[in-house]
Amino acid sequence: MSGWLAVAGLGPGDENMVTPEVRAVLAEATDVIGYFPYVARVAPRDGLILHGSDNRVEIDRADHALRLASEGAKVVIVSSGDPGVFAMASALFEALEKQPALYDLDIRILPGITAMLAAAAHAGAPLGHDFCAINLSDNLKPWDLVEHRLRLAAQADFAMGFYNPRSASRPHQFARALEILREECGGDRLITFARAVTTPDERIVTVTLAEATPEMADMRTVVLVGNSATRRVGRFVYTPRSA
Ligand code: SAH
């Protein structure tokens, strides 16, 4: 088999945040597979086939990539941010698990800058000590589990990053998440809404939980909640290393 498969993170948006490793693998690829808007970030060239697909067809996409690579193609599956953070790397292994004949295929996962870390950098250092990341979407897991993890993370005094906070199809869940956070953390806790980070539309707003409204988040927003020691310093937000 001469084909290979890379699962690559394109970073949060800015082309300067695509790693040289990812750039190099894209330059060698014969096929790029992924959700339409991510594939659109790859420049077309001779000899490269771009396969854009709809959202929520991750396993089909992974099967397609495995098939092409096993037939000799040089395939890159693209994700935004990091491919291992609520993205295609896990979906790929889920598909691979069912195909032992392909276990020896040349597969590489290439990390990228995830939204939470790009957002934290532009806000200051809100994740400067222990933190966790929670996907607020219940597309793939029950909402009860989301609430359970949220509550326990807040009780453990983690700083938190929330992906997929709110979409048109699930408008009420983020409101519920804010309620839980207010119950567990109180109204004074700092919350940062970081939208379209590293793109021309970037907007970063920090308020208290008491001031936060569900409308402050959408699907292009990653939400950061500080721990009990997180505070403002000038225009920045940071979490001390001792807390
Ligand atoms: N693999 C991606 C996450 C995919 S889930 C990563 O590592 O970043 C999609 C969610 O990521 C969005 O709903 C949003 O919460 C977050 N996100 C992705 N890009 C973003 C950006 N540029 N600014 C803010 N949030 C972003």
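The first residue in the sequence is number 1, and the count goes up from there. Every number for a ligand or one of its atoms is a count from 1 in the order of the listing.
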**Request:** Can you sort out which atoms of ligand 1 are near Ala87, meaning under 4.0 Å from one of its heavy atoms?
**Result:** 1 (N)
**Message:** I'd like to know if Asp106 and Arg108 make a salt bridge, using a cut-off of under 4.0 Å between side-chain N and carboxylate O.
**Reply:** yes
**Prompt:** Should Arg195 be counted as touching ligand 1, given the test is an N or O pair under 3.5 Å?
**Reply:** no
**Prompt:** Short N/O distance, under 3.5 Å, between Tyr38 and ligand 1?
**Reply:** no
**Asked** Which protein non-hydrogen atom lies closest to atom 3 (C) of ligand 1, naming both residue and atom, and how far is it?
**Response** Val85 O, 3.5 Å
**Asked** Under 3.5 Å between some N or O of ligand 1 and some N or O of Asn164?
**Response** yes
**Asked** Does Ala119 come within less than 4.0 angstrom of ligand 1, counting non-hydrogen atoms of the residue?
**Response** no
**Asked** How far is atom 24 (C) of ligand 1 from its nearest protein heavy atom, and which residue and atom name does that atom have?
**Response** Arg220 O, 3.1 Å
**Asked** What protein heavy atom sits nearest atom 15 (O) of ligand 1, and how far away is it?
**Response** Thr221 O, 2.7 Å
**Request:** Select one of side chain, backbone, both or neither to describe which atoms of Ala194 lie under 4.0 Å from any atom of ligand 1, heavy atoms only.
**Result:** backbone
**Fill in**
Note: heavy atom closest to atom 22 (N) of ligand 1, options Pro12, Gly112, Ala217, belongs to Pro12
**Prompt:** Is Pro165 close to ligand 1, meaning an N/O of one under 3.5 Å from an N/O of the other?
**Reply:** no
**Note: Glu184-Arg189 ion pair, threshold 4.0 Å (strictly below)** = no
**Prompt:** Considering only the protein, which heavy-atom contact is closest to atom 21 (C) of ligand 1, and what is its distance?
**Reply:** Val197 N, 3.5 Å
**Request:** Write down the atom of Ala118, the atom of Thr198, and the distance for their closest heavy-atom approach.
**Result:** CB-CG2, 4.2 Å
**Heavy-atom pair with the smallest gap, counting every atom of Val57 and Asp54** = CG2-O, 3.0 Å
**Asked** Does Thr198 come within less than 4.0 Å of ligand 1, judged by its heavy atoms?
**Response** no
**Prompt:** In Å, rounded to the nearest 0.5 Å, how long is the span from CG of Leu5 to CG of Leu68?
**Reply:** 9.5 Å
**Prompt:** Among all protein non-hydrogen atoms, which one is nearest to atom 8 (O) of ligand 1, and what is the separation to 0.1 Å?
**Reply:** Ala115 N, 2.9 Å
**Message:** If I compare all heavy atoms of Val146 with all of Leu136, which pair ends up nearest, and what's the gap?
**Reply:** CG1-CD2, 3.7 Å
**Message:** Could you tell me if Asn135 and Asn164 have a donor-acceptor pair between their side chains, going purely by distance under 3.5 Å?
**Reply:** yes
**Message:** Suppose we measure from atom 4 (C) of ligand 1 to each protein heavy atom; which comes out shortest, and what is that distance?
**Reply:** Phe86 O, 3.6 Å
**Polar contact flag for Thr199 and ligand 1 (N/O pairs, less than 3.5 Å)** = no
**Complete:** Closest to atom 7 (O) of ligand 1 among protein heavy atoms sits Thr114 OG1, 2.6 Å
**Prompt:** Does Ser79 come within less than 4.0 angstrom of ligand 1, counting non-hydrogen atoms of the residue?
**Reply:** no
**Prompt:** Same cluster for Val223 and Leu190 if Ile/Leu/Val/Met/Phe/Trp/Tyr side chains link at under 4.5 Å?
**Reply:** no
**Prompt:** For the hydrophobic clusters of this structure (ILVMFWY residues joined by side-chain heavy atoms under 4.5 Å, transitively), does one cluster hold both Leu66 and Ile77?
**Reply:** yes
**Asked** Any chain of hydrophobic side-chain contacts (each under 4.5 Å) joining Phe162 to Phe158?
**Response** yes
**Spacing of His129 atom NE2 and Asp157 atom CG [to the nearest 0.5 Å]** = 10.0 Å
**Asked** Would Arg182 and Glu179 pass as an ion pair if we require N to O under 4.0 Å?
**Response** no
**Request:** Say whether Gly13 and ligand 1 are in contact under the criterion: heavy-atom distance to a ligand atom below 4.0 Å.
**Result:** no
**Asked** If every non-hydrogen atom of Ala91 is compared with every non-hydrogen atom of Ile59, which pair is closest and at what distance?
**Response** O-CD1, 3.6 Å
**Message:** Checking the N or O distance criterion of under 3.5 Å, is ligand 1 in contact with Met219?
**Reply:** yes
**Message:** Could you identify the single nearest non-hydrogen protein atom to atom 2 (C) of ligand 1 and state the distance to 0.1 Å?
**Reply:** Ser80 O, 3.2 Å
**Prompt:** Under 3.5 Å, N or O to N or O, is Tyr163 touching ligand 1 that way?
**Reply:** no
**Request:** Check whether any N or O atom of Phe162, backbone or side chain, sits under 3.5 Å from an N or O atom of ligand 1, and answer yes or no.
**Result:** no
**Message:** For Asn227 and Thr239, which I'm curious about, is there any donor-acceptor pair between the side chains at under 3.5 Å?
**Reply:** no
